[in-house]
Amino acid sequence: MIDPQILRTDPERIRESQRRRGENVDLVDDLVAADVTKRAAQQEFEDLRGQQNTLSKQIGPLQGTLKQAADAAARAQVQSRVDVLMANASALADQVKTAEATFNAASEAADLLVLQLSNLVNLDSPVGGEADFKILELVGTPRDFAAEGFEPKDHLDIGERLGAIDTGRGAKVSGARFFYLVGVGAQLEFALLNLAMQQAMGNGLIPIITPTMVLPGAMEGTGFLGQAAENVYRIESDDMYLVGTSEVALAAFHGDEIIDADQLPLRYAGWSTCFRREAGSYGKDTRGIIRVHQFDKVEMFVFTSPEDAEAEHQRLLQWEKDFIDALEIPYRVIDVATGDLGSSAARKFDIEAWIPTQGTYREVTSTSNTTEFQARRLKIRMRAGKEVRPLATLNGTLCAMPRIIVAILENHQQADGSVRIPAALQPFLAGQQVFTPKV
RNA sequence: GGAGGCGUCGCCUAGUCCGGUCUAUGGCGCCGCACUGCUAAUGCGGUUUGGGUUUAUCGCCCAUCGGGAGUUCAAAUCUCCCCGCCUCCGCCA
């Protein structure tokens, strides 16, 4: 949700944001109109309710007088005054009811529109669609397998030979885009989890394990029921959702709370399984575990003041780079274009790891500055002195397991089918330096 | 799943039976002022949140007693539904 004040003072700013996103610009004008209608109805209703309250409040004391009235004559006099007041108030009650219904309808209409509006984009984000990202940085050098004298195998070949990845049985049991991590595959995930958490805690983040099923409010509040709704699993029988990222449960963690400014920033490193329907990606990445319905992820999430949000965003990006650096994987950092931000983000940086067999970089992390967008929806505020106002939330992937595993297997494979284990991971793998094929 | 109890403006708490002087009591905490070498103590005042209006301020109005619906001129208080917490029973990793 954006600041409704902007709607009244500077709607052009919102229109420009919508334009850059390639989203509905007319929505802004509909909203401005709905807001005007809503406030007029509110005035009308509150004015009538005020009149009614005034009348009603006179009745109470008179009832007391009535009980203490000395004689029948006095009682009759007071009673007649009560009768008049009640008659007037009664007449108003109908009007109040009508005005209230009108206001509620206008209010709902406006709220519905507001929820459709995406966050204001950061003006530094490159304008355009998915392909219009800007490359900010190239780190590391992809290996020259030709020079090394062998053809790199893809992660599934390597993983199967290590007995680490089993997509065949995944499909048998759960369908397409499901997989098993077995043996060293499972060990590798645990090692990555431990390395990620060690780094996160070293940076002062609070480790946290979140629910993976959430109520509609959490999903709505984080902005996943808009354009992204088709990628979310819904549990029909209980009206709940499976989260696509622990960001949902992490953001909602402080929902409806007012946090003292001196508690900020609040930084978490959440661990959860993530579920994605991957609707609209039929035929894409069908081989291996690059695009799956269920995976585990360590996610960083920060609550901070809006003033500090951009600096915090850079910090999250740096921590993501630190992690990929530790795994010795070549990557590039991109500034995601406005049309590819998702509704909550004002700005987004992705890290894309080099995938040798694809000859390209693929997304492994993503960090978004959602400014006050989620906080407004989830009613998360900060108290700075006497002032209470929305805070900013940010999220960033620290380690999305399958894709990192893909990157490790492919980038660190050796001619004999073994995989070199990066030094940073070795302490979490009982000192193993290499995974060797079982077959 | 069953039975019972509970949910009040940061925390604790009065009020709910019997609707109206509830503009929600008191304590703690916090903020301001006064007093005092400093601190502490004490005294006085302030202290829910959201919205509208005004906005230079003061202010005024509406809503808010877990959530929603209803009865009523009027609901913390009465009715119904829902949610959460606690205790016990059952089941269970």
Side-chain angles (χ1 to χ4, degrees), chain A residues 1-10 31-69 75 78-115 209 211-221 235 237-241 249 252-264 266 273 372 375-391:
Chain A
M1 195 182 299
I2 60 149
D3 183 353
Q5 212 53 45
I6 299 173
L7 207 58
R8 292 163 203 168
T9 56
D10 191 8
L31 245 171
V32 170
D35 184 57
V36 169
T37 306
K38 170 187 156 184
R39 281 186 292 154
Q42 182 171 1
Q43 286 286 301
E44 169 87 12
F45 158 61
E46 289 186 355
D47 180 56
L48 286 168
R49 172 57 64 83
Q51 292 179 39
Q52 188 194 24
N53 284 346
T54 308
L55 290 177
S56 281
K57 277 175 189 162
Q58 295 171 32
I59 295 174
L62 283 179
Q63 303 276 31
T65 318
L66 202 57
K67 278 178 193 156
Q68 291 163 14
R75 199 171 300 129
V78 174
Q79 184 63 54
S80 75
R81 286 181 59 196
V82 169
D83 289 345
V84 170
L85 283 170
M86 279 208 189
N88 288 341
S90 188
L92 262 177
D94 288 337
Q95 294 182 52
V96 169
K97 221 162 237 177
T98 309
E100 184 175 22
T102 306
F103 166 56
N104 284 343
S107 185
E108 269 172 48
D111 291 350
L112 217 71
L113 289 175
V114 159
L115 283 178
I209 300 172
T212 49
M213 287 167 60
V214 298
L215 297 168
M219 234 11 154
E220 184 78 58
I235 301 163
S237 57
D238 296 280
D239 194 19
M240 294 190 77
Y241 294 90
F253 185 58
H254 286 297
D256 287 311
E257 292 180 20
I258 299 173
I259 301 169
D260 281 334
D262 57 19
Q263 301 284 306
L264 301 175
L266 269 175
T273 301
E372 294 129 278
R376 281 183 197 283
R377 290 180 163 216
L378 292 165
K379 299 186 175 62
I380 311 170
R381 291 153 292 172
M382 58 182 282
R383 190 190 303 279
K386 288 196 162 184
E387 197 185 16
V388 174
R389 59 194 170 97
L391 45 68

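Chain A is the first sequence line, chain B the second, and so forth, proteins listed ahead of strands; every chain is numbered from 1.
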Legend entry - Interatomic distance, A:Asp256 CG vs B:G84 C1' [rounded to whole Å]: 13 Å

Legend entry - Atom-to-atom span, CZ of A:Arg8 to P of B:U54 - whole angstrom: 11 Å

Legend entry - Pairing residues for A:Glu372 by the salt bridge (Lys or Arg N to Asp or Glu O under 4.0 Å) criterion, not counting sequence neighbours: A:Arg376

Inset, instruction - Considering just the side-chain nitrogens and oxygens of A:Arg39, establish if one lies under 4.0 Å of OP1 or OP2 belonging to B:U53. - result: yes

Legend entry - A:Asp239: partners by side-chain hydrogen bond (donor to acceptor under 3.5 Å, both in side chains), with sequence neighbours left out: A:Arg234

Legend entry - Non-hydrogen side-chain atoms of A:Asp260 and A:Met382 separated by less than 4.5 Å: no

Legend entry - P spacing across the pair B:G20 / B:A76, given as an integer number of angstrom: 10 Å

Inset, instruction - Using atom NZ of A:Lys379 as one end and atom P of B:G51 as the other, report the distance to the nearest whole Å. - result: 10 Å

Inset, instruction - Find out whether A:Met213 and A:Tyr241 are in side-chain contact, i.e. whether some heavy atom of one side chain is under 4.5 Å from a heavy atom of the other. - result: no

Inset, instruction - Please state how far atom CG in A:Asn88 lies from atom P in B:C73, giving the value in whole angstrom units. - result: 13 Å

Legend entry - B:G10 phosphate, OP1 or OP2, under 4.0 Å from A:Arg383 side-chain N/O: no

Inset, instruction - Would you indicate what A:Ile258 reaches in the nucleic acid, counting non-hydrogen atoms under 4.0 angstrom: base, sugar-phosphate, or nothing? - result: sugar-phosphate

Inset, instruction - Would you mind building the protein contact string for nucleotides 57-67 of chain B? One character per nucleotide, 5' to 3', B for base within reach (heavy atoms under 4.0 Å), S for sugar-phosphate only, - for untouched. - result: ----BBS----

Inset, instruction - Report the residues that fulfil side-chain hydrogen bond (donor to acceptor under 3.5 Å, both in side chains) with A:Glu257, sequence neighbours left out, ordered by chain and then residue number. - result: A:His254

Inset, instruction - Rounded to the nearest angstrom, tell me the gap between atom CD in A:Glu257 and atom C1' in B:C11. - result: 15 Å

Legend entry - Closest-nucleotide 5' rank along RNA chain B - winner of A:Arg381 and A:Asp35: A:Arg381

Inset, instruction - In whole angstrom, give me the gap between the P atoms of B:C62 and B:G7. - result: 28 Å

Inset, instruction - Using atom CG of A:Leu215 as one end and atom P of B:C82 as the other, report the distance to the nearest whole Å. - result: 16 Å

Inset, instruction - Mind calculating the distance between CG (A:Asp260) and P (B:U47) to the nearest angstrom? - result: 18 Å

Legend entry - Euclidean distance for P, B:U21 against B:G84 (whole angstrom): 34 Å

Inset, instruction - Take atom C1' in B:U13 and the same atom in B:G2, then report the distance between them in whole Å. - result: 33 Å

Legend entry - Whole-angstrom distance between B:A75 and B:G67, as gauged at atom C1': 16 Å

Legend entry - d(CZ, A:Phe103; C1', B:U53) in whole Å: 14 Å

Could you go through residues 46-55 of chain A and list every donor-acceptor pair under 3.5 Å that involves a side-chain atom there, pairing it with any protein atom two or more places apart or in another chain?
residue	atom	partner	partner atom	Å
A:Glu46	OE2	A:Gln42	NE2	3.1
A:Asp47	OD2	A:Gln51	NE2	3.3
A:Arg49	NE	A:Gln52	OE1	3.4
A:Thr54	OG1	A:Gly50	O	2.8

Inset, instruction - Under the side-chain hydrogen bond (donor to acceptor under 3.5 Å, both in side chains) rule, collect the residues that match up with A:Arg39, sequence neighbours excluded. - result: A:Asp35

Inset, instruction - Describe the nucleic acid contact of A:Arg389 in one word from base, sugar-phosphate, nothing, applying a heavy-atom distance below 4.0 Å. - result: nothing

